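The structure presented is a predicted model; accordingly, all values stated were derived computationally and were not measured.
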Amino acid sequence: MAILKSILPSTLGATLMLSVCLPVMANEEQDRWQGYNRAMYSFNTTVDKYTLKPLAKGYVYVTPSVVRKGVSNVFFNIREVPSALNGLLQGKPGSAARDTGRFLINSTVGLLGIFDVASRMGIPSSGHEDFGQTLAVWGVGQGPYVVLPFLGPSTLRDSFALPADWYTDPRTYVDNVRVRNTLTGLNLVNVRANLFELEQHITGDQYTFVRDAYLQHRNYLILDGAVTDDFGMDDDFADDIDFE
């Protein structure tokens with residue numbers, strides 16, 4: 001589930017480093033709610049500092065890196081399901097078929113996705129589709145940039161897409177509440193842990209850096225990566241981190 005996926009200020013800084021981005025910078029029209037956004041960004045940063053970050057440090061301390069990699073792979077594999085659905089909605093049957101194939105292979109031979117067997121079989125991930133991207137393909141405008149409580153950076157379009165993303169996530173349908181909450185918490189802590197080494201890349205005004213990184217990353221996803229790789233980041237390294 002995507003809830004709380006961007007509670008920390010470094011998430012979009014890492015996203016910037018992990019994606020090949022368009023040279024898109026927010027203007028005043030895109031960030032017309034900047035007063036509110038900066039206040040909410042500060043709130044989210046404080047919450048992260050006193051809750052998620054300490055938990056992630058403990059998680060790293062007691063969990064071997066190979067186990068954390070396997071956890072990341074499992075959650076990455078789960079996202080193939082909503083990605084396939086959105087691929088169909090966007091008129092991309094090839095993308096939907098690839099995501100479906102990867103999910104079936106990694107969920108069986110890859111032991112629930114712990115091992116990315118599909119990539120070794122020549123079926124690499126082509127990136128995950130979400131309903132925000134689907135709305136963009138359908139012609140829905142981006143709307144203003146907005147920072148959501150706990151959820152972090154978003155746009156008006158992506159905010160309206162969140163319910164669809166949640167309802168297409170397989171974790172939503174886990175009947176056992178304790179198990180469902182455990183999966184959500186583990187994903188959050190694992191994502192936070194994966195970002196520690198990337199925090200150093202945030203420079204200048206953190207709010208502006210994260211905002212521009214988010215908008216650039218969303219444009220990159222919507223255009224299916226049809227842009228120049230400004231950072232030269234290795235795709236395999238990018239796949240190690242699941243931001244959902």
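Nearest heavy-atom pair across Val189 and Ala56 is CG1-CA, 3.8 Å. Among all heavy-atom pairs drawn from Ile114 and Asn73, the shortest one is O-ND2, 2.9 Å. The shortest non-hydrogen separation linking Leu156 to Gly143 is CB-CA, 4.1 Å. Shortest non-hydrogen contact noted between Gly132 and Ala161 is N-CB, 3.4 Å. Of all heavy-atom pairs spanning Asn44 and Leu148, the tightest one is ND2-O, 3.1 Å. Residues Pro153 and Val210 come closest through the heavy atom pair CG-CG1, 3.7 Å.
Asn86 places no side-chain N or O within 3.5 Å of a backbone atom of Thr134 that could act as its donor or acceptor partner. A donor-acceptor pair under 3.5 Å is absent between the side-chain atoms of Asn37 and the main chain of Asp31, judged by distance alone. No donor-acceptor pair closer than 3.5 Å links the side chain of Thr63 to the backbone N or O of Val60. In this structure a side-chain-to-backbone donor-acceptor pair under 3.5 Å is present from Arg102 to Ile123. Not one N or O on the side chain of Asn187 forms a donor-acceptor pair closer than 3.5 Å with the backbone of Leu183. At distances below 3.5 Å, at least one donor-acceptor pair connects side-chain atoms of Thr108 with backbone N or O atoms of Ile105. Using modelled atom types, no side-chain atom of Arg98 and backbone atom of Ala84 make a donor-acceptor pair closer than 3.5 Å. A donor-acceptor contact shorter than 3.5 Å is absent between the side chain of Tyr145 and the backbone of Trp33. The backbone N or O of Gly87 sits nowhere less than 3.5 Å from a side-chain atom of Ser95 that would complete a donor-acceptor pair. Between the side chain of Asp130 and the backbone N or O of Pro82 there is no donor-acceptor pair closer than 3.5 Å.
Of the charged side-chain nitrogens involved, none lies within less than 4.0 Å of a carboxylate oxygen, so that Arg79 and Asp99 do not count as a salt-bridged pair. Taking the charged nitrogens against the carboxylate oxygens, Arg180 and Asp169 have no contact shorter than 4.0 Å, which rules out a salt bridge.
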Original post:
Please walk me through it: do Phe150 and Phe43 pass ring-ring contact (aromatic ring centres under 6.0 Å, His included)?
Top reply: CA-CA 8 Å; Phe150 303 111; Phe43 169 78; 5.4 Å; yes
**OP:** Tell me, with the steps shown, if Leu186 and Tyr59 meet side-chain contact (heavy atoms from CB on, under 4.5 Å).
**Re:** CA-CA 9 Å; Leu186 177 60; Tyr59 173 69; 4.0 Å; yes
**OP:** Test Arg38 against Thr208 for side-chain contact (heavy atoms from CB on, under 4.5 Å), laying out the working first.
**Re:** CA-CA 9 Å; Arg38 284 186 177 273; Thr208 300; 3.5 Å; yes
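Residues Val81 and Val174 do not share a hydrophobic cluster, defined by chaining ILVMFWY side chains whose heavy atoms lie under 4.5 Å apart. Cluster annotation: Tyr214 is not connected to Leu135 through the hydrophobic network of ILVMFWY side chains, with a link wherever side-chain heavy atoms come within less than 4.5 Å.
In this structure, the side chains of Arg192 and Leu188 stay at 4.5 Å or more apart for every pair of heavy atoms. Looking at heavy atoms from C-beta onward, Leu215 lies in side-chain contact with Thr155 at the 4.5 angstrom threshold. Contact annotation: the side chain of Gln133 never approaches that of Leu89 to less than 4.5 Å [non-hydrogen atoms, C-beta and beyond]. A 4.5 Å side-chain heavy-atom check between Gln30 and Arg211 finds every atom pair outside the cut-off.
Residue-environment remark: OH (Tyr207) exceeds the threshold of 12 foreign heavy atoms within 6.0 Å. Counting non-hydrogen atoms of other residues, nucleotides and ligands closer than 6.0 Å to CZ of Phe196 gives a total above 12. Shown here is Tyr50, whose OH atom has no more than 12 heavy atoms of other residues, nucleotides or ligands within 6.0 Å.
With rounding to the nearest 0.5 Å, the separation of CD1 in Ile222 from NE2 in His217 is 10.0 Å. With rounding to the nearest 0.5 Å, the separation of CZ in Arg157 from CG in Leu162 is 12.5 Å.
Ring centers of Phe131 and Trp138: under 6.0 Å apart, within the cut-off.
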